[in-house]
Amino acid sequence: MPDYDPQTIETKWQKSWEEEKSFKVEADPAKPKYYLLEMFPYPSGRIHMGHVRNYTIGDALARFKWMQGFNVLHPIGWDSFGMPAENAAIQNKSHPNTWTLANIKTMTEQIKRLGLSYDWDREIATCEPKYYRWNQWCFLKFLERGLVYRKNSEVNWCESCNTVLANEQVIDGLCWRCDNEVITKLQEGWFFKITDYADRLLEGCKDLEAGWPEQVLTMQTNWIGKSYGAEVDFQIKDSNEAIKVFTTRPDTLYGATFMVLAPEHPLTLSLSRGTEQASAIDAFIKEVKSQDKIARTSEGGEKLGVFTGAYAVNPLNGETIPVWTANFVLMDYGTGAIMSVPAHDHRDFEFAKKYDLPIRIVILPPDGNTNADDLREAMTDPGPMTQSGEFDGLAGDEAKQKVCEHLQSKNIGKATVQFRLRDWGVSRQRYWGTPVPIIFCEQCGTVPVPYEDLPVKLPLDAQLGDKGQSPLKSLDSFINVPCPKCKAPAKRETDTLDTFICSSWYFDRFTSPDEENAPFSKDANRYWMAVDQYIGGIEHAILHLLYSRFFHHVFRDMGLVETREPFAHLLTQGMVIKDGAKMSKSKGNVVDPDHIIGRYGADTARLFILFAAPPTKQLEWSDQGVEGSFRFLKRVWRLFDETATILREAPGDLDTGGDLPKELKELRRHIHTAIKRVTEDIDKRMQFNTAIAAIMEFVNHLYAFREWWTSQKESSADGQALFKESVETLILLLSPFAPHIAEEMWEQMGHSQPTHHTPWPEYNEEFLKADEIEIVIQVNGKVRQKLSVPAGIDEDSLKAQSLEDPRIREWTDGKEIKKVIVVPRKLVNIVVK
RNA sequence: GCGAGGGUGGCGGAAUUGGUAGACGCCCAGGACUUAAAAUCCUGUGGGAGUAAUCCCGUGCGGGUUCGAUUCCCGCCCCUCGCACCA
């Protein structure tokens with residue numbers, strides 16, 4: 001009678017799965033497909049509990065889908081370009097490639113010890129030329145489509161990482177990777193025109209409502225930030241020039257009492273020339289430029305401004321209004337200039353009060369008071385226009401529309417939209433990434449590397465500078481190339497591409513990882529995409545998930561993919577925490593997955609992680625909880641092991657002809673209840689914790705049944721058969737969560753087909769019904785009695801029986817019975833007074 | 001400030017359509033087995049009163065709807081996350 005020995009069992013089955021290539025799949029139009037994907041890991045060194053949780057959730061689902069008969073694509077790969085490799089290499093005086101490959105090796109071993117159902121034949125690593133050549137291909141194709149451009153601009157710069165960051169990679173003014181403060185810097189670089197797709201990315205969110213968490217969609221929607229409004233031209237006094245502004249409140253145009261330009265706005269400087277404000281403007285521009293961009297753009301920052309010396313004309317009321325410049329107006333949103341309506345905008349109000357500028361109420365307040373002197377704060381609510389000439393009385397969208405029509409008819413403005421989204425800066429001044437496939441030629445200018453010359457290989461013999469400066473800039477063998485057009489000596493671009501490009505289409509590559517003539521095969525893509533279920537951390541809610549959607553939309557325009565969106569369903573798993581905090585080395589609360597697997601086995605680790613919390617919630621690590629899961633698996637093993645003989649001799653089928661004794665009927669009901677609960681918890685609710693709870697309850701019932709059964713003098717063949725059915729069901733229900741122990745028991749039961757190729761058990765509604773059910777009897781909504789009655793009892797008898805019950809009589813005697821509510825199969829509520 | 005999600009025993013969490021609040025597990029206590037321990041099994045376990053039967057209270061707080069509310073509505077408090085001078 002061997003004890004449960006996870007190490008032996010797990011080694012045995014992992015070896016078997018690997019040798020048999022148990023989870024290898026091919027596209028097969030005859031079978032329904034299911035593409036399950038976890039966000040592929042960065043090979044940082046060793047796996048942590050967050051990885052374990054991510055992959056365990058995915059694996060449970062994948063195995064379940066296999067058993068449901070789907071052709072399951074469940075791949076894994078490595079997001080293996082990026083800065084940590086460089087930093088580690090500098091520290092260890094090694095090479096990023098060496099470091100990365102060693103980490104992949106270590107982490108592969110660790111992942112394999114978890115018993116995950118991956119198709120390892122599809123493994124990819126983005127740092128391999130056969131992968132990143134297609135990043136370059138995408139770059140060139142996007143360039144052809146006008147979606148890539150180069151510009152000199154103020155960019156986010158991380159001093160510690162020595163590189164540019166995209167807007168999405170700046171979190172609270174800090175670098176997303178190293179938490180260092182981000183500064184702005186003028187830098188030339190490549191941009192992806194993601195703004196061209198702003199509207200479609202926004203609309204796509206609607207397609208995703210059924211499958212994505214609302215939170216993520218809200219974040220994406222806010223990030224794209226579409227605003228409806230109007231562009232309006234304000235004529236500059238005594239000049240032919242106009243200042244173009246964007247406003248979301250054209251209905252407040254009559255209240256525009258001054259204007260504000262961004263300090264960087266070209267008119268700020270030019271308007272002030274020749275006025276007595278010239279020197280003040282010069283000083284102000286200088287001051288704002290030295291001001292930290294983050295501080296400047298954060299709410300509550302002090303609003304500072306200076307009069308430019310110039311005036312403009314309000315196009316609707318003809319009033320002359322002063323033009324100011326101020327730090328809170330940004331050059332890169334809208335037109336870089338605003339009309340200020342202090343009565344109806346918080347910022348304008350604050351600014352007007354500070355610099356004593358006029359305020360005029362043009363939206364009627366609820367109390368009807370239009371005296372601006374009484375205004376304590378800006379009134380930003382919508383309302384009827386007032387003091388606005390012919391528009392008085394119009395309100396809301398109608399008012400805005402009418403004003404826009406008027407502007408348009410006079411050719412001084414029009415309805416328009418603005419987006420908060422900025423183009424995606426993809427140039428990185430670092431080494432360990434995809435080289436940008438561009439050559440600079442003095443004669444021909446910027447020349448794309450011809451497709452047939454791809455990949456532009458990243459030279460692996462380069463030595464990193466000790467501050468992370470890219471060695472490419474000084475590597476003559478890399479830089480010096482003939483111009484593809486004129487063959488004259490030219491120079492390669494030395495920037496590399498943002499690693500987020502690698503992860504923006506890897507899921508497409510998984511459909512045909514060995515494709516040599518394209519980033520992926522269209523046929524394979526058509527069969528496998530979209531990803532049916534994507535699983536990963538919420539930290540990618542904007543970054544990776546937005547970029548991937550952008551790529552997918554472009555691919556669709558290129559005719560490479562057919563689905564509208566790449567990820568049909570998204571699950572954002574919660575964090576793993578311990579002692580109330582995220583696991584981290586600095587806090588010393590890290591639990592090493594290897595340690596847990598070594599001590600209890602992968603099945604215990606998996607079971608605990610799935611049982612401790614629903615997948616989307618954060619999970620508090622508990623060593624005692626792990627003990628509990630281990631104890632449960634031992635309990636399952638014992639149940640199986642101690643009855644192995646009985647199970648082996650059991651007849652295959654139940655002799656259903658005879659009426660079963662009560663205990664057997666009960667057992668059968670427990671089997672089918674367990675199947676129903678586990679199936680629905682996985683499939684409909686994705687709530688593994690309750691699925692496992694249902695299995696635990698089932699096991700408790702099996703123990704109770706076994707005790708009753710072994711106490712019987714004679715054991716019936718039906719009992720034996722049903723017990724066998726119970727244990728086999730248990731094994732199958734358990735197998736997505738704890739696959740090794742399940743597989744071992746399954747084999748010992750005499751099955752040659754592995755569990756993941758065995759159909760998922762089905763329940764029979766008929767067997768879910770009990771003969772006797774418990775009905776709760778309430779008096780005035782309080783539970784006073786519980787009755788066991790036949791399941792088929794009719795309402796009237798139930799009602800009568802309830803009213804006659806002695807204990808209920810104690811509450812109802814001498815009182816007037818106002819009403820009796822009967823909820824079939826559940827309760828009776830007697831209302832008395 | 002705006003948006004989203006939360007608040008249930010000592011702890012993690014259940015309650016799926018308005019119908020027995022606390023499933024399942026952890027912790028803890030008691031018992032069985034054992035020379036003993038470990039392992040295992042059994043019992044108990046929201047709070048209060050009571051020998052007990054049983055009763056009262058109880059899902060952040062205050063109200064409401066309802067025969068009945070963790071669930072729906074109104075107001076408030078607190079926590080987490082995201083956005084945040086975006087005109």
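In what follows, every heavy atom counts, from backbone to side chain, and hydrogens, waters and symmetry copies are set aside. Chain identifiers are assigned alphabetically (A, B, ...) following the order of the sequence lines, protein sequences preceding nucleic acid strands; residue numbering begins at 1 within each chain.
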Fill in: A:Glu302 and A:Lys354 ion-paired at < 4.0 Å
yes
Worksheet entry | Proximal nucleotide (of B:U54, B:C86, B:C26) relative to the A:Ser227 side chain | B:C86
Practice prompt. Output yes when A:Asp681 and A:Arg685 qualify as a salt bridge under the 4.0 Å nitrogen-oxygen rule, no when they do not.
Written response: yes
Item to complete: Taking atom P in both B:G68 and B:G19, compute the distance separating them and give it to the nearest angstrom.
Response: 14 Å
Fill in: Counterpart base for B:C76, defined by Watson-Crick or G-U wobble contacts under 3.5 Å
B:G60
Discussion item. Partner lookup for B:A36, please. Criteria are Watson-Crick or G-U wobble with both distances under 3.5 angstrom; report none if nothing qualifies.
Written reply: none
Worksheet item: Can you give one letter per nucleotide of nucleotides 3-11 of chain B, going 5' to 3': B for a protein heavy atom under 4.0 Å from the base, S for sugar-phosphate only, - for none?
Response: SSS------
Worksheet entry | Integer-rounded Å distance: B:C83 C1' and A:Ile538 CD1 | 13 Å
Worksheet item: Using a heavy-atom distance cut-off of less than 4.0 Å, which residues of residues 569-578 of chain A contact RNA chain B?
Response: none
Discussion item. Using the C1' atom as the point on both nucleotides, what is the distance between B:U80 and B:G75, in whole Å?
Written reply: 23 Å
Worksheet item: Given B:G13, B:C56, B:G19, which nucleotide is nearest the side-chain atoms of A:Trp811?
Response: B:C56
Worksheet item: When you compare B:A15 with B:C72, how far apart are their P atoms, in angstrom units rounded to a whole number?
Response: 14 Å
Worksheet item: When you compare B:U59 with B:A21, how far apart are their P atoms, in angstrom units rounded to a whole number?
Response: 12 Å
Worksheet item: Paired with B:C26 by Watson-Crick or G-U wobble geometry, both distances under 3.5 Å: which nucleotide is it?
Response: B:G10
Worksheet item: Rounded to whole angstrom units, what separation is found between the CD atom of A:Gln687 and the C1' atom of B:A15?
Response: 11 Å
